[in-house]
Amino acid sequence: LFRSKITKITPETDQEFTMTVDCSVPMAPGQFFQVSLPKIGEAPISISAWGDGWLQFTVRAVGRLTSALQNLREGENLFIRGPYGTGFPLDRLRDSNLVIVAGGSGVAPVRPLIRQAVSGELPLRSLKVIAGFKNRESLLFAYETEGWRRAADLTITIDRPQEGWDGPVGLVTEHMKKLHLADPSDVQFVIVGPPVMMKFACAEARLLGVPEEN
């Protein structure tokens, strides 16, 4: 357990925000930290980005601890333990045809994978990203997604038509049906989101002919 200073807070939506904190331990995409505040509690939170001497958590304020985190300010401290988890299998994903399907706050843990693909740190033969959100107001990382298009065939979709939105509409599974996979056995899928979304997205991947182990 170590004390970590908050160096930046970036609002994402009404309920979600990204905290940049001091941290210099090795970590990998898909891992998480236990984040705690004295006398309030502790929760596992995925890493949404990191760099030299810092990491980011993208938090949804839905409970006692996460709501308390939302009230913190730059310069204050929190306590973190980690990283934990095995992370994504980078050796398997390297040089693959990769499809990432993420829903809502599930976009946060796949963000490091996308950032590594954009930077070239994770070389891929191809990358398709389908990111689904409830509505326009719940979009995450809008300031960064144009950069993702440099490395990915990117689809950002919202569940239902909305005034002022001229982008794709529909659940991620509807957009998975439109994927053109030359050889489904030669594609790796990473699927992250609410359990029900992952269940149906995995079923859709199998319908596309993607082997279970991929």
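Linking ILVMFWY residues whenever their side-chain heavy atoms come closer than 4.5 Å, directly or via other members, places Leu140 and Val118 in the same cluster. There is a path of hydrophobic side-chain contacts, each under 4.5 Å, that joins Phe57 to Ile9. Hydrophobic clustering keeps Ile156 apart from Val101 (ILVMFWY residues linked when any side-chain heavy atoms are closer than 4.5 Å, directly or through intermediates). Cluster membership for Met198 and Leu171, using ILVMFWY side-chain heavy atoms within less than 4.5 angstrom, is not shared.
Using a 4.5 Å heavy-atom cutoff, the side chains of Met176 and Phe189 are in contact. A heavy-atom distance below 4.5 Å is found between the side chains of Val192 and Phe88. Residues Trp50 and Cys23 have side chains not in contact (no heavy-atom distance under 4.5 Å, counting atoms from C-beta outward). Between Glu137 and Thr13, the closest side-chain pair of non-hydrogen atoms is not below 4.5 Å. Residues Val187 and Leu179 form no side-chain contact, since every pair of their non-hydrogen atoms from C-beta on lies 4.5 Å or further apart. A 4.5 Å side-chain heavy-atom check between Leu72 and Leu37 finds at least one atom pair inside the cut-off. In this structure, Asn214 and Arg92 have side chains that are in contact, with non-hydrogen atoms separated by less than 4.5 Å. You'll find the side chain of Cys202 reaches within 4.5 Å of the side chain of Arg206, heavy atoms only.
In plain terms, the two heavy atoms of Pro211 and Pro184 that are nearest each other are CD-O, 3.5 Å. Nearest heavy atom pair, residue Pro83 against residue Pro26, reads CG-O, 3.4 Å. Nearest heavy atoms, Pro29 versus Leu90: CD-CD1, 3.9 Å. Between Ser48 and Phe141, the closest heavy-atom pair is CB-CZ, 4.4 Å. Of all non-hydrogen atoms in Gly193 and Met197, the two that sit nearest each other are CA-SD, 3.6 Å. Taking each heavy atom of Val172 and Ala131 in turn, the nearest pair found is CG1-C, 4.3 Å.
The salt bridge (charged side-chain N to carboxylate O under 4.0 Å, His left out) search around Glu163 returns none, not counting sequence neighbours. Here Lys39 pairs with nothing under the side chain to side chain donor-acceptor pair (under 3.5 Å) rule; sequence neighbours left out. Under the salt bridge (charged side-chain N to carboxylate O under 4.0 Å, His left out) criterion, Glu16 pairs with Arg60, sequence neighbours left out.
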request  = May I have the step-by-step check of side chain to side chain contact (heavy atoms under 4.5 Å, CB included) for Tyr143 and Thr10, ending in yes or no?
outcome  = CA-CA 11 Å; Tyr143 46 86; Thr10 306; 4.2 Å; yes
query = Can Val110 and Val129 be said to form a side chain to side chain contact (heavy atoms under 4.5 Å, CB included), step by step?
reply = CA-CA 10 Å; Val110 300; Val129 177; over 6 Å; no
inquiry  = side chain to side chain contact (heavy atoms under 4.5 Å, CB included), that's the test. Do Leu78 and Met19 meet it? Break it down for me.
reply    = CA-CA 11 Å; Leu78 44 76; Met19 308 182 94; 4.0 Å; yes
inquiry  = Please evaluate residues Gln15 and Val62 with respect to the criterion side chain to side chain contact (heavy atoms under 4.5 Å, CB included), reporting the C-alpha separation (whole Å), side-chain torsions for both, the decisive distance (0.1 Å), and the verdict.
reply    = CA-CA 8 Å; Gln15 275 192 303; Val62 289; 4.2 Å; yes
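Around atom CD of Glu213, more than 12 heavy atoms belonging to other residues, nucleotides or ligands sit under 6.0 Å away. Heavy atoms from other residues, nucleotides or ligands lying under 6.0 Å from CG of Asp166 number 12 at most. Atom CG of Asp183 sits in a crowded spot, with more than 12 heavy atoms from other residues, nucleotides or ligands closer than 6.0 Å. By the 6.0 Å contact criterion, CZ on Phe79 is enclosed, its count of non-hydrogen atoms from other residues, nucleotides or ligands being greater than 12.
A donor-acceptor distance shorter than 3.5 angstrom exists from the side chain of Gln31 to the backbone of Gly85, with no hydrogens or angles considered. A donor-acceptor pair is defined here as one N or O able to donate and one able to accept, closer than 3.5 Å; no such pair exists between the side chain of Ser67 and the backbone of Arg64. Between the Asn77 side chain and the Arg3 main chain, no donor and acceptor come within less than 3.5 Å of each other. With hydrogens and angles disregarded, no donor-acceptor distance shorter than 3.5 Å links the side chain of Glu12 to the backbone of Thr58.
When each of Asn135, Thr157, Leu139 is checked for a side-chain contact (heavy atoms from CB on, under 4.5 Å) with Trp165, only Leu139 meets the rule. Of the listed residues (Thr7, Ile47, Thr18), just one forms a side-chain contact (heavy atoms from CB on, under 4.5 Å) with Gln56, and that residue is Thr18.
Using a cutoff of 4.0 Å between basic side-chain nitrogens and carboxylate oxygens, Arg149 and Glu146 are scored as salt-bridged.
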